[in-house]
Every structure is written in structure tokens, then in C-alpha cells.
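Since we're looking at a predicted model, the values are computed, not measured. Heads up: numbering here begins at 1 and tracks the sequence. Values reported hereafter were calculated over all heavy atoms of this structure, with side chains retained and with hydrogens, waters and symmetry mates removed. Numbering of ligands and ligand atoms starts at 1, following listing order.
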Amino acid sequence: MAPRRESEHSNVSDARLAKMVAESDLPSLLAALAHVCSAPDLPGTGLLLDQAKHHEPQGGWTLDQQSHARAIALGALIELRDAGWPAAQKPTADGVRPIMTWMMSREASDDYVELLLEELGDPPADLRAPSWSAADIAADRGLRVAVIGAGMSGLLAAHRLRQAGIDVVVFDKNADVGGTWLQNTYPGCRVDVASHLYCYSFAQRDDWPQHFSTQPELLDYFREFAADSGVLPLVHFSTSVAAVAFDDQSATWDVHTVDALGHEATERFDAVINATGQLNRPKLPDIAGRDSFAGPAFHSAEWDHGVDLVGKRVAVIGTGASAAQFIPIAAEQADQVFVLQRTPNWLAPTLDYHSDFPTGQRWLLNHLPYYSQWYRFWLFWRYAEGILPSVKVDPAWDGQGHSVSEANELLRMQLGMYLGLCFGDRPDLLAKVMPDYPPAAKRIVRDNGVWATTLKRDNVHLITEPIAAIQPTGLRMVDGSELDVDVIIYGTGFQASHFLTPMKVTGRHGVDLHEQWDGNARAYLGIVVPNFPNFFLLYGPNTNIVVNGSIIYFSECEVHYMMQCLHHVLTTKARAIDCRPAVHDAYNERIDEGNRLMAWGASGVNSWYKSDSGRVAQNWPFSLLEFWQQTRELDSADYELL
Ligand code: NAP
């Protein structure tokens, strides 16, 4: 990031300002200017955001509307510069509400305003940091907490625990921090959530190089965070947690670990936080003869960089979000690539998916107060909350399995048009890539046109014939044809619904977590499970989001709630707290009902969102706001004190 130069800031010419405006995100820019100029009516120019186009760049405005918006923004920026860039008002509820209402095209509720104020903050304040310290509440009681996993959620939990003065030890099976961003090194790996959203609210960066961060960039971010936050020295690397067991007598947890050399150890803790995530155990397909293949074969999350694809015939099994990222690169290297597709993806057109962040916009992030916060809010609204209505089931709608509501049908038509545009010249491919299930029943994959370009290459072959078996030379298909290949790459996803495997977790009175779950992982708020006192899950059951909100937002909510639980333990002088089964059960009934009314629950299509029994075990069916509301305050009635 170029160092900020004040002289440049104050003397910036009209022409340069115009360049910044030209490269800006207009809805965010107008919002920031309305905020900075204390003129909530600034955007009140007839440029109302059209909700149906929230997922489109620049709010889906026409070119005329965009130039009108640019003229307003440039005028306001010139005035601000001429006035010497007066200090902006700190955000207040009354100040931000009209701007939010304008951005959302609907009245911003009090809760939403409060949530946004937390996000907007007053940089560099961390408004979600615990406001208490363990020593102040119970000086004589040293709480010791184990965190399992040093990925995004585990690092966050350890940081918050440290902020509250709680003794924390982190265990990770890997040799470095980063979790999923350490393990997934396949070519082309990047996040499909906008960079400025996919970062902690209190550690935002203005200098993300690209709109959507690459895996190395994210790994650096988490490494830097681990070092800067002081969590890094607390991590025991290359140490797997094999088992955790609750001791009824002392109400503490024994954590059994095995290090890389096979040394076993047991340590005692007051609480355990599982931050192993949902997508960390690769799933290999159950295809006959899988182990008989004579050549190299590997999973996307265990990419074998020692295998040179140049000149090879490569079969890729799976076409999910991971495969969609690495196939285009493999196709540039390999002689032939055979793409084995079982179910096609809906593609979300994202022109800037691989693009650098424009310098003009970066200038605004650095110089225009609150632009970065409004930009983040806009991403939050545009990518997640704003799209939610179009993936909800309307029970009265008969979409014949293709859509779940009128809004979903509209989305299906928009996404279908995009596929039509991409594959219009190849009806043979179009027929194969057009999904027949409702949008958002499976993860929608981002695309900037590269999927079509790749599938149209002469050396790429899209195969939809099911695989019958794997044999030493390659694949045998159900129709009896054979496909000889040199390399097989599995883009077949993760054992997402097998939470906490292969760890053994024993709770009160010797109850085994996996036996209690019986293949159907459930938790209250996705965080706590009855019979497992002071045991907290991050990114646990039903905390995944389908439309592209940031999972980091969820982790922040979960960690906030977990911290309240520990606060409750300290203030009540309890040894531990255990969620009441009735609370847990009622909550899960509501979750199941909610998921039945979402595209992913209503559709019978395959997806990693469901457990083997077909229950949606992964997804949160409500708004992001609602998860924040539910995790904001602990209700002591939900818990039994031990
Ligand atoms: P995935 O979405 O579960 O995709 C697995 C693919 O393998 C699917 O195409 C699936 O087909 C296919 N498959 C599985 N078993 C098969 C079999 N026996 N025969 C033929 N095909 C089989 O896994 P993923 O692509 O690794 O992505 C998982 C999740 O990770 C994503 O949804 C996303 O949340 C996250 N992710 C995100 C990014 C990103 O941010 N850009 C990148 C990668 C992953 P079916 O569809 O028919 O089941």
C-alpha cells in the first residue's frame, strides 16, 4: 500500500478526483459522502436502488444514472477538498439510519442500525472486544481454555480470550496457522466473498490487492493477525486433538493430544472451543476400484504439487466451487482434461472476480472517511442480506422443482440468461451446464466467463456420463466406455456434516457426542450442545451461509456469544454451564422448519449442506441480522449451572 501523502490529499486536483469517482463503487461513495457531509439527503436524487439488481455492480443503475451519481459525488468531493477535508461526524444511529434506509431500499430497523454501528465503528476501535476482564470478575479463579484449530475462527477465539485475560492454549494439527487457507493450495484457490467483507470487522484492510482475495493473500492475512494479536506463541502446532473428555467431578475437560512424533499428552482445561470448521476433512468419492488407479491421484485440498500436469491426460471428478477454480488452470497445463460433472452449477456473473482493486477506489478507502465502512456495509447487503428473499420458498409457488418462488424464478431466469450468453455458441455444452434445480439449492459459483472459456477449449471435455468404476488405467463409465488418464484429481468436497470427526468427544456421564448426534449434528445456536458443558463449537451445525455473506461475520457472533457464556460462568461462580435440552430441541425445530422453507431445504438436489439422512445440517436459514440478534445476549434461563 502506498504511504498516505497528506499534501497529495489536500491538493488533489479536480481531474484526479474525477478519476477516483470514475473508479469508485457509487452506492458506497454516495453513502460515505452523505455521512461525511452530514447530508443524508445527498443521495436523494431519484437514484433509488432497485432491489432486484442488488447483486449487480453499481447497484444495477443505468449508465445515465451512474453519470448523474458521479456528478453529485464529484461536486461533493470538490467541496470537501476546498473546505480542507473537515473531520467527519462520528456515526450515530440517527445519522446512519436514513443512509442505510436509502441503501437498502427499505426502512432500517433499530437493530440493523445498531449492527451497522458496530461494523462502522470509529476506526481503529474494536467495538466487539470484551468489555470485561476475568481478573476483575474472579481474581482468584484462573480460567484455562483450549482452542482446537488455528484457522480463522480459532485465532479469533484465542484473541478474544486473551483480551479478557483468560489463559488460552491453541492446538492445531497443521504446522502453521490459517486452517482452510493453509490446506487448500490448489491452483486458482481464492475466496468467493469480497475481500473487504472477508476479514475481521476489527482488522479491516484498505489495501486488499484484489476484489476477491487469493489463497496466499488470505494466508498472509491470518498469519499476520496471529502474530500481531499475540496469539501465535500460544499455538501448539502439528498437534492433533484426538479426544476431549468431561470430568463430572471437577467439571473440567481433559484434552488428549498427539503430536507429529506420536507423543501423547493430556491437559486439563475449564472450557474447550472447537474451531475445526466444516470443510477440513476431504471427502473421496465412494467409487468402486478407487484405490486401483495406477497413476497419481489426489484431492483438491491435498494438492500434490509434485505432480506436473504438463502433457498429461487428467480426469477431474467434481465441478463444485473448488474444481471450478482449479480446472481452468489445469486446462492450461495438461494435454487433455476430462471434466466429470454430476450436477452443474448455477454461475453468478462476477466480472471483477480476478481483477485488481482499482487505484481510485483504494484512494477513497484511504482518504475519504467512512468510505471503507459504507463499502463494507454495501457488500454485506448486496451479497447476502439483500439476496435472501430470492432464495426463500413461497409455499404457494409451483416452480416444478426449478424454482421456489417468483423471486427465485426471476433469479433463475437471470442466471440462465448468463449461461445462455456464455454458451450461446455451443448448444451442446449449454444443455449440459444448465442446472434444473432452483438457484441456491447448491452453492452458486462465481464466474467471470472463465468457466465457459475453459469448457470450450479443444483440450477440455465435459463428461456427464456417470462413472461406474475406477481402474488402473483410468475410469470406466456406466455406458461401458473407458477413459484412460494419467492423473485423477478429486474435486469432491468435504465431509462437511461429519462434524468433529475423527475426534472423540465425551461429555457428562460419559455421553459420546457422536452417539448423541447419531449422524445428525445439532447444536443450540450452532454453538452449544446439551451434555457438553463449557464446550463451544465455532462454525458448528447450521451456521453456514449459502448466499455469499462472510463466514467471518458468523464467527464473530459465535465468539461473542461464547465469551458471554464464560462471563456467565465467572459471574455466577459456576464451574460450568450446560445448555438445557428443551431449549436446544425447540431451537432446532425452528431451524429445520426454516431450512425447509429455503431453496436448499426444499430441493432434492445433492449438496454438502445435508447430512446422510437428508437433514440440512449445515445451513443457517434466516437473516444475518437474526444471527447477530440471537447471539448478542446470553439468556441465563437457557442454561443449567454446574
Ligand atoms: P463441493 O461443493 O461439495 O463439490 C463436490 C463436487 O464433487 C460436486 O460437483 C459433486 O457432485 C462432485 N462429486 C462428489 N462425489 C462424487 C461422485 N461420487 N461422483 C461424481 N461426482 C462427485 O466441494 P468443493 O468444490 O470443494 O466446495 C465445497 C465448499 O467449499 C463450497 O461450497 C464453498 O463453500 C467452499 N469453497 C469456497 C471456495 C471459494 O470461496 N471460492 C472455493 C472452494 C470451496 P454433486 O454436485 O452431484 O454432488
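Taking a cut-off of under 4.0 Å to the non-hydrogen atoms of Pro285, the atoms of ligand 1 that pass are 17 (C), 18 (N). Per-residue contacts place Phe494 under 4.0 angstrom from the following atoms of ligand 1 (heavy atoms of the residue considered): 26 (O). Heavy-atom contacts of Val191 reach the following atoms of ligand 1: 40 (O), 41 (N) (cutoff under 4.0 Å).
No option in Arg190, Arg205, Arg223 other than Arg205 meets the salt bridge (Lys or Arg N to Asp or Glu O under 4.0 Å) test with Glu217. For the ring-ring contact (aromatic ring centres under 6.0 Å, His included) with His299, the lone residue among Phe494, Tyr186, Tyr490, Phe326 that qualifies is Phe494. Each of Phe622, Tyr561, Phe627, Tyr198 was evaluated against Phe554; a single residue qualifies, Phe627, per the ring-ring contact (aromatic ring centres under 6.0 Å, His included) test.
Take His159 and apply the ring-ring contact (aromatic ring centres under 6.0 Å, His included) test, not counting sequence neighbours, and it matches Phe202, Phe225.
With a 4.0 Å heavy-atom cut-off, ligand 1 is reached by the side chain of Lys442 but not by its N, CA, C or O. Counting heavy atoms closer than 4.0 Å to ligand 1, residue Tyr186 contributes side-chain atoms (C-beta onward) but none from N, CA, C or O.
Because its NZ or CZ atom is not both nearer than 6.0 Å to the ring centre of Phe499 and within 45° of the ring axis, Arg522 does not count as a cation-pi partner of that residue.
Heavy-atom distances between Lys283 and ligand 1 stay at or above 4.0 Å for every pair. Contact analysis puts Gly491 in contact with ligand 1, with a non-hydrogen atom separation below 4.0 angstrom. Contact annotation: Tyr609 has no heavy atom less than 4.0 Å from any atom of ligand 1.
Of the charged side-chain nitrogens involved, at least one lies within less than 4.0 Å of a carboxylate oxygen, so that Glu593 and Arg596 count as a salt-bridged pair. Arg615 and Asp592 are joined by a salt bridge, as a carboxylate oxygen and a charged side-chain nitrogen come within less than 4.0 angstrom of each other.
Scanning all protein heavy atoms for the shortest distance to atom 34 (O) of ligand 1 gives Trp608 CZ2, 3.4 Å. Of all protein heavy atoms, the one lying nearest to atom 40 (O) of ligand 1 is Asp192 N, 2.9 Å. Nearest protein heavy-atom contact of atom 33 (C) of ligand 1 is Arg443 NE, 3.9 Å. Among protein heavy atoms, the minimum distance from atom 17 (C) of ligand 1 is reached at Arg342 NH1, 3.3 Å. Nearest non-hydrogen protein atom to atom 38 (C) of ligand 1 is Ala321 CB, 4.0 Å. What sits closest to atom 12 (C) of ligand 1 on the protein, heavy atoms only, is Gly318 CA, 3.6 Å. Nearest non-hydrogen protein atom to atom 39 (C) of ligand 1 is Arg190 O, 3.3 Å. Of the protein's non-hydrogen atoms, Leu279 CD1, 3.8 Å is the one closest to atom 35 (C) of ligand 1.
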Using atom types as modelled, flag every donor-acceptor pair under 3.5 Å from a side chain in residues 275-289 to any protein atom, sequence neighbours excluded.
from	atom 1	to	atom 2	distance (Å)
Thr276	OG1	Asn274	OD1	3.3
Thr276	OG1	Asn274	ND2	3.0
Gln278	NE2	Tyr539	O	3.4
Gln278	NE2	Gly540	O	2.9
Asn280	ND2	Thr276	O	2.8
Arg281	NE	Thr501	O	3.4

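Selection from Thr343, Ile287, Ile317 by nearest heavy atom to atom 47 (O) of ligand 1 gives Thr343. Here the shortest heavy-atom distance to atom 8 (C) of ligand 1, taken over Ile551, Thr319, Thr492, belongs to Thr319.
Judged by distance alone, the side chains of Ser497 and Ser611 never bring a donor and an acceptor atom under 3.5 Å apart.
Distances between N or O atoms of Ser322 and those of ligand 1 include at least one value under 3.5 Å. In terms of polar-atom proximity, Asn606 is counted as a contact of ligand 1, with an N or O under 3.5 Å from an N or O of the ligand.
Side-chain contact between Val433 and Leu419 is present, with at least one heavy-atom pair separated by less than 4.5 Å.
Around CG of Asp479, the count of heavy atoms belonging to other residues, nucleotides or ligands within 6.0 Å exceeds 12.
Looking only at distances, no side-chain donor or acceptor of Lys442 sits under 3.5 Å from a matching main-chain atom of Asn345.
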